[in-house]
Amino acid sequence: MKGSITSTPSCADQTDPNTISVAQALSQIESKTISVKQSVLLPIRECLGRICSESIRSSINVPGHANSAMDGYAIAFSDLQIDLREGHITTFKEIGCSYAGQNLDAVCKSGQCIQIMTGAVIPEGCDTVIMQEQTEQRDDGLVAVDSNHRLGENVRYAGEDIKQNTVILNQGDKIGPADLGVLASLGIAQLNVFRKPIVAFMSTGDELTSIDKPLEKGQIYDSNRYTLFGMLAQLEVDIIDLGVIQDDFHSIRSALLDAANKADLVITTGGVSVGQADFIKTALEDIGQPDFWKIAIKPGRPLTFGKIEDSLFIGLPGNPVAVMVTFNHFVIPAIRQLSGATPAQAPTVRAASTEKMRKQAGRLEIQRGIASFGVDGQWQVCKTGKQGSGILTSMTRGNCFILLREESNGVEIGDLVEVQLFDWSQI
Ligand code: AMP
Ligand code: MG
C-alpha cells in the first residue's frame with residue numbers, strides 16, 4: 001500500500017511550533033510562584049542557608065573603637081613631623097601598655113608613646129601605630145622611630161567594617177557563613193527567616209520496583225526518587241517522599257490531592273508524555289490548573305507546570321537524566337522563589353571544548369561534561385560520552401552541564417562553550 005503518515009511533533013524534532021522557549025517557561029514559573037509568607041525567629045546558627053525575612057540594620061559600629069592592627073607603639077603622628085628630614089629619628093618615652101580587651105586609662109602627650117597589642121584600643125592622644133619591628137628600643141629606655149611613616153598607619157577605625165545604622169541584610173538574602181559572623185559581630189543572636197518550603201515528590205510508573213525487591217522481567221528500579229531526594233536534601237526544604245504511584249488515574253489523582261494538602265510544591269516524575277499510561281495529564285486536568293509544556297530543551301522537553309489548590313505542581317519527565325536537568329533548570333528557580341529568596345542565576349564559566357559537538361539550532365541542549373582548569377589558565381571541557389536521557393551515569397561521570405544555547409549550530413574544537421559546574425546548593 002502506498003502512502004504516507006502525517007507525524008505529530010515529538011522530541012525527535014529539532015523545532016516544533018508548539019514548543020515554548022526555556023526563557024518563556026522560566027518567566028511563567030516566576031509569575032505563578034508565590035513565596036511562603038510565614039517566618040520563624042531562630043538562633044543565628046540555625047539560619048545558615050535560610051532566607052532572611054527582615055531587613056537588618058547595624059545598631060553599633062564594628063569595630064566599636066579605633067584599635068591597633070599590629071603589635072607596636074601608638075604615637076601622635078604630628079610628633080614625627082616636627083623635623084621631617086630624610087633619615088630623621090624621633091624618640092619617644094613609653095608611658096604604658098594597651099592590651100586587647102583592656103581599657104587603658106592613659107593620655108599620651110607629645111613625645112610619649114604607648115606600647116600597644118593588636119586589637120587594643122588606640123589610647124587618647126594617639127593616631128598612628130608603628131609596628132614593633134620598625135622601632136628600636138634604646139638602652140636609655142626610649143623608643144626610636146624613623147620618619148618613614150604615614151598618618152593613621154596600622155589603625156583600624158571605629159565603624160571601618162560596619163557603620164552604625166547601615167543595612168547589612170535584606171529580606172530575600174540567603175544567610176551564608178560570613179553573614180553569621182557579621183550578625184555575631186553586631187551582637188545579634190536571633191534572626192527572622194522564612195519557613196522552609198515543604199516539597200512532596202513521587203514517582204509514577206507501573207514498571208518501577210523499589211530497591212528492596214527483586215526485579216521481574218520488564219521492571220526497573222525506581223532511581224528518580226533517589227536523585228530527587230539527593231537534590232532536594234541539598235536545599236533548605238522539608239521533604240515528603242510519597243513513594244511510587246501506579247499508572248492509574250484514580251491512584252494518581254488521590255496521591256496528587258494528598259500531596260497538595262501537605263506541601264507547597266509537588267513534584268512527580270514520569271507520565272507526562274503522550275503514552276496510553278500517562279495519567280498525570282488527565283488527573284491534573286481534573287483537580288488543578290495545569291499547563292502542559294513542550295520546552296525547547298534537550299533533554300526534558302515535556303514538562304507539566306501548574307497548581308493544585310494552593311500548591312505548585314511540577315511534573316518532570318520520567319527519564320533519569322531529564323529529571324536532573326529539568327530539576328536544575330526549572331525546579332531550583334521555583335524553590336528559590338518559594339523560599340522567599342531574591343532571584344539569582346547559577347554561575348557559568350566559559351570553557352574551550354576539546355571535542356566537536358553536533359547540534360542543530362532550535363533548542364537549548366544540556367550535555368553532561370567534564371571540565372578542568374587547563375595549564376594555560378583556561379577552562380576546558382569535554383562530554384562524558386553518550387548523552388542519552390536514560391544514561392544516568394553521565395551525571396556521575398560528569399562535573400558540569402555544558403549549555404549549548406538555542407542558536408548554536410554545533411561546536412568545533414577550541415570553541416568556547418558555557419559550562420555550569422554541578423553544585424546543587426546553588427539556590
Ligand atoms: P514516562 O515519561 O513515564 O514514559 O517515563 C519515561 C522513561 O523514564 C521510562 O520508560 C523509564 O525508563 C524511565 N523512568 C520513569 N520513571 C523512572 C524512575 N522513577 N526511575 C527510573 N527510571 C524511570
Ligand atoms: Mg511512565
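We count ligands from 1, going down the list as the structure has it; atoms in each ligand are counted the same way.
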Pairs under 3.5 angstrom, nitrogen or oxygen on both sides, ligand 1 versus protein: list them out, please.
residue	atom	partner	partner atom	Å
ligand 1	2 (O)	Gly271	N	3.4
ligand 1	2 (O)	Ser273	OG	3.3
ligand 1	3 (O)	Gly271	N	2.8
ligand 1	8 (O)	Gly318	O	3.3
ligand 1	8 (O)	Asn319	N	3.2
ligand 1	8 (O)	Asn319	OD1	3.3
ligand 1	14 (N)	Gly318	O	3.2
ligand 1	16 (N)	Asn224	ND2	3.4
ligand 1	19 (N)	Ser203	OG	3.4
ligand 1	19 (N)	Asp222	OD1	2.6
ligand 1	19 (N)	Asn224	ND2	3.3
ligand 1	20 (N)	Ser223	N	3.0
ligand 1	20 (N)	Asn224	N	3.3

Carboxylate-amine/guanidinium contact Glu406 Arg363, below 4.0 Å: no
Axial cation check for Phe292 ring with Lys281, 6.0 Å and 45° limits: yes
Short side-chain to backbone donor-acceptor contact, Asn61 and Pro63, under 3.5 Å: no
Test item: Thr33 side-chain N/O and Glu30 main-chain N/O as donor-acceptor pair under 3.5 Å: no
Separation of Thr282 OG1 from Ile252 CD1 (nearest 0.5 Å): 7.5 Å
Spatial distance of atom CG (Leu191) from atom CG (Leu180) [nearest 0.5 Å]: 9.0 Å
